[in-house]
Amino acid sequence: IDESRREGEAPDDYVLRMALEKARRVAGAQELSRGLPVLGADTSVVVQGRVLGKPADAAESRAMLELLSGRTHEVLSAVALVGAQGPQSRLSRTEVRFRRVGADEATAY
């Protein structure tokens with residue numbers, strides 16, 4: 001699926017939409033779902049309203065670790081169930097305190 005965030009889309013809405021789109025994609029593929037309920041899930045890290053995506057390379061990964069270092073951020077996880085009774089979804093919000101990470105450790109990670 002296209003995991004692009006829509007303009008103005010809130011982080012909660014984005015994570016819920018991703019979980020639902022993943023479940024719907026598999027549910028729509030009869031060879032995969034065989035008509036059974038399908039569970040989709042998504043998780044995103046959010047810092048000051050900014051959703052951190054998958055890092056493109058080592059430099060971006062290091063920059064993300066440096067951004068998270070020594071601060072608190074949110075981890076949003078959503079699950080969506082697509083079945084005969086229609087779609088259902090739930091969101092979990094976790095506050096995570098990330099310890100300080102030095103440049104060498106971020107590079108090694």
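All of these numbers come straight from a predicted model, not from anything done at the bench.
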Smallest separation among heavy atoms of [X] and [Y], with atom names:
X: Tyr14; Y: Val51; result: CE2-CG1, 4.0 Å
X: Ala106; Y: Arg62; result: CB-CG, 3.9 Å
X: Pro11; Y: Gly49; result: CG-O, 3.8 Å
X: Ala23; Y: Val38; result: O-CG1, 3.6 Å
X: Pro87; Y: Arg24; result: CG-NH2, 3.5 Å
X: Asp2; Y: Glu21; result: O-OE1, 4.1 Å

Find out whether [X] and [Y] are in side-chain contact, i.e. whether some heavy atom of one side chain is under 4.5 Å from a heavy atom of the other.
X: Glu9; Y: Arg17; value: yes
X: Asp42; Y: Lys22; value: yes
X: Phe98; Y: Arg71; value: no

Practice item. Would you check, one step at a time, whether the test side-chain contact (heavy atoms from CB on, under 4.5 Å) holds for Val101 with Glu66? Key: CA-CA 7 Å; Val101 176; Glu66 290 170 1; over 6 Å; no
Practice item. Would you please test Val47 and Leu52 for side-chain contact (heavy atoms from CB on, under 4.5 Å) and show each step? Key: CA-CA 7 Å; Val47 179; Leu52 300 185; 4.1 Å; yes
Review point. Are more than 12 heavy atoms from other residues, nucleotides or ligands located less than 6.0 Å from atom CG of Asp104?
Key: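 No, CG of Asp104 has 12 or fewer neighbouring heavy atoms, counting only those of other groups under 6.0 Å.
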Check your understanding: Has Arg97 got more than 12 heavy atoms of other residues, nucleotides or ligands less than 6.0 Å from its CZ?
Key ->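 For Arg97, atom CZ is crowded (more than 12 foreign heavy atoms under 6.0 Å).
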Practice item. Dump the intermediate steps for side-chain contact (heavy atoms from CB on, under 4.5 Å) on Thr72 and Val96, then the final yes or no. Key: CA-CA 5 Å; Thr72 300; Val96 176; over 6 Å; no
Exercise for review: For salt bridge (Lys or Arg N to Asp or Glu O under 4.0 Å), just list the numbers for Asp13 and Arg6, CA-CA rounded to whole Å, side-chain angles, deciding distance to a tenth of an Å, and then say yes or no.
Suggested key: CA-CA 10 Å; Asp13 295 334; Arg6 295 176 179 159; over 6 Å; no
Exercise for review: Decide salt bridge (Lys or Arg N to Asp or Glu O under 4.0 Å) for Arg99 and Glu105; before the verdict, give the C-alpha distance in whole Å, the side-chain angles of both, and the deciding distance to 0.1 Å.
Suggested key: CA-CA 12 Å; Arg99 71 173 172 80; Glu105 187 176 9; 2.6 Å; yes
Practice item. Return yes if some donor-acceptor pair links the side-chain N/O of Thr107 with the main-chain N/O of Ala103 below 3.5 Å, else return no. Key: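 Yes, the answer is positive, given that a donor and an acceptor are paired below the 3.5 Å cut-off.
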Exercise for review: Step by step, work out the salt bridge (Lys or Arg N to Asp or Glu O under 4.0 Å) result for Glu60 and Lys54.
Suggested key: CA-CA 9 Å; Glu60 192 172 304; Lys54 295 175 183 77; over 6 Å; no
